Amino acid sequence: FNGWDKSYSNVTSNITIRATYREARNCVVTFKDYNGITLGTATVKEGGNATAPVTPSRDGYTFKSWSSSLNNVTGDKTVTAQYTINSANNIFDIAYKVNGNNVTVTLSLAGNVCLAGFEGTLSFEGMTLTTATAKSSNLTCNKNGNSVKMTYSNATNVTRGEVVLEVTLTKSADNGKATLNLTDCFDQNFATVSYKVIGQNIKLK
């Protein structure tokens with residue numbers, strides 16, 4: 001539909017108004033994943049409904065919807081996959097290097113956590129935390145006793161990347177447990193969420 005062939009405001013006598021039409025265009029819908037990777041495209045006649053080429057998946061998350069409707073497409077558009085977080089499935093690997101009675105722990109938050117911004121603490125049992133160093137930009141950390149408070153702020157650029165915090169520990173027991181508590185987590189796709197993750201036991205050899 002391209003409008004009516006004459007104005008029908010301020011009508012002072014009988015008139016006949018005819019609908020005008022133009023040929024529908026082909027519209028291209030581009031489907032993107034949360035990390036910007038193109039998942040596919042769909043071509044649909046203007047005014048028609050597009051069908052997604054795939055249902056995307058993401059570790060630790062469940063696909064919820066696309067960022068905008070696929071119905072009544074009127075022009076080229078890009079839609080992005082939206083996810084909800086699976087709190088119970090967010091397990092974080094903690095890698096470590098042993099050097100005598102000291103151990104260096106590298107915490108990698110890539111993949112299973114939204115990285116637009118978060119706050120949290122990483123605390124240790126069975127080990128004494130001596131130093132904590134942020135290895136990623138936009139990450140700040142403050143040591144407080146046997147834990148470190150972390151704040152990651154990337155509000156102007158929600159492109160995902162790896163966030164790394166490196167801490168050095170001194171052995172005070174044969175086994176250690178690391179507790180990661182993300183108190184606030186922000187993403188463009190969903191509201192604030194809170195959850196706690198218990199890391200794997202760390203045994204110093």
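Bear in mind that the values here come from a model prediction, so they are computed numbers and not experimental data.
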- Report the C-alpha distance between Thr41 and Val29 in whole Å, list the side-chain angles of each, state the deciding distance to 0.1 Å, and finish with yes or no for side-chain contact (heavy atoms from CB on, under 4.5 Å). CA-CA 6 Å; Thr41 60; Val29 180; over 6 Å; no

- Between atom OG1 of Thr55 and atom CZ of Phe31, what is the distance when rounded to the nearest 0.5 Å? 10.0 Å

- Just wondering, more than 12 heavy atoms not from Asn72 lying within 6.0 Å of its CG? yes

- Message: A side-chain contact here means heavy atoms from C-beta on lying under 4.5 Å apart; do Arg58 and Asp33 qualify?
- Response: no

- Query: Okay, side chain of Thr130, backbone of Thr168: is any donor-acceptor separation there less than 3.5 Å?
  - Reply: yes

- Closest approach of Gln82 to Ser67 (non-hydrogen atoms, all atoms of both residues): NE2-CB, 3.7 Å

- Message: Could you check whether any side-chain N or O of Asn2 sits under 3.5 Å from a backbone N or O of Thr20, counting only pairs where one atom can act as donor and the other as acceptor?
- Response: no

- Taking every heavy atom of Ala81 against every heavy atom of Pro56, the minimum-distance pair comes out as CB-CG, 3.8 Å

- Task: Please check if Ile17 and Tyr21 belong to a single hydrophobic cluster, counting links between Ile, Leu, Val, Met, Phe, Trp and Tyr side chain heavy atoms closer than 4.5 Å.
- Result: yes

- Note on the structure: Of Thr131, Asn142, Thr133, Leu122, the one forming a side-chain contact (heavy atoms from CB on, under 4.5 Å) with Val148 is Leu122

- Rounded to the nearest 0.5 Å, how far does CE of Met150 lie from SG of Cys141? 9.0 Å

- Can you find a pair of side-chain heavy atoms, one from Cys27 and one from Val44, that are under 4.5 Å apart? yes

- Query: Any donor-acceptor pair under 3.5 Å linking the side chain of Lys143 with the backbone of Val167?
  - Reply: no

- Query: Roughly how far, to the nearest 0.5 Å, is CG of Asn146 from CG of Leu169?
  - Reply: 7.5 Å

- Query: So, does Glu46 use its side chain to make a donor-acceptor pair with the main chain of Arg25 at under 3.5 Å?
  - Reply: yes

- Taking atom CG of Asn138 and atom OH of Tyr152, what is their separation to the nearest 0.5 Å? 5.0 Å

- Check: Thr121/Lys149 side-chain N/O donor and acceptor closer than 3.5 Å: no

- Message: Quick check: is Trp4 connected to Val11 through a chain of hydrophobic side chains (ILVMFWY, heavy atoms under 4.5 Å apart)?
- Response: yes

- Query: Side chains of Asn71 and Asn49: does their closest heavy-atom pair fall under 4.5 Å?
  - Reply: yes

- Looking only at side chains, do Ser7 and Ser9 share a donor and an acceptor under 3.5 Å apart? yes

- Main-chain N/O of Thr16 paired to Lys6 side chain as donor or acceptor, under 3.5 Å: yes

- Task: Spell out, as yes or no, whether a donor-acceptor pair under 3.5 Å connects the side chain of Lys32 to the backbone of Tyr34.
- Result: no

- Calculate, to the nearest 0.5 Å, the distance between atoms OG1 and CH2 belonging to Thr78 and Trp66 respectively. 11.0 Å

- Would you find more than 12 non-hydrogen atoms of other residues, nucleotides or ligands less than 6.0 Å from Tyr8 atom OH? no

- Mind checking whether Val28 and Leu70 sit in one hydrophobic cluster, side chains of I, L, V, M, F, W, Y counted as touching below 4.5 Å? no

- Atom CZ of Arg22 with >12 non-hydrogen neighbours under 6.0 angstrom: yes

